[in-house]
Amino acid sequence: MTSKQTNIYNIIGKNIKKYRKKMGMTQRELAERLLLSDSFIGKLESVTYQTISIDTLEQIAAVLETDIRHFFDVE
């Protein structure tokens, strides 16, 4: 795993967390809406390396009422 891979997953995770909080959802609520485990969401949002498919990102974006492209925004 390269630092670039680590960096993009961290960016995605931080943005998922930002949009989840903006919607007023807990990790558990988001996980339940997606039929995923809350530990999976927790790993995505933390610095823990976690792979994720584009399909899953699209599902998360739909639940969080945002565009998948926002998950790649660097602030």
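We're numbering straight along the sequence, starting at 1. Just so you know, these numbers use all the heavy atoms, side chains as well, and skip hydrogens, waters and symmetry mates.
In this structure, E29 contributes its side chain and T26 its backbone to a donor-acceptor pair below 3.5 Å. Of the possible donor and acceptor atoms, none in the side chain of D73 sits under 3.5 Å from a partner among the backbone N and O of N15.
Scanning all heavy atoms of the two residues, the minimum distance from A31 to I41 falls at CB-CG1, 3.8 Å. Scanning all heavy atoms of the two residues, the minimum distance from F72 to I8 falls at CD2-CD1, 3.7 Å.
Linking Ile, Leu, Val, Met, Phe, Trp and Tyr residues whenever their side-chain heavy atoms come within less than 4.5 Å places L30 and I54 in a single cluster.
Residue L64 is tested with M25, K22, R33, K18 for a side chain to side chain contact (heavy atoms under 4.5 Å, CB included); the sole match is M25.
At a threshold of 4.0 Å, the pair E45-R20 counts as salt-bridged, since one of the basic side-chain nitrogens sits closer than that to a carboxylate oxygen.
The aromatic rings of F71 and Y19 stand perpendicular to each other, their planes meeting at an angle above 60°, with 30° marking the opposite boundary.
Residue Q27 holds its CD atom at 8.5 Å from OG of S46, rounded to the nearest 0.5 Å. Separating the NZ atom in K14 from the CG atom in L44 is a distance of 14.0 Å, to the nearest 0.5 Å. Atom NZ of K17 is separated from atom CD1 of I12 by 16.0 Å, given to the nearest 0.5 angstrom.
Inter-residue side-chain proximity for F40 and L34 is flagged as unmet; no heavy-atom pair is nearer than 4.5 Å. In this structure the side chain of I16 reaches within 4.5 angstrom of the side chain of I60, judged on heavy atoms.
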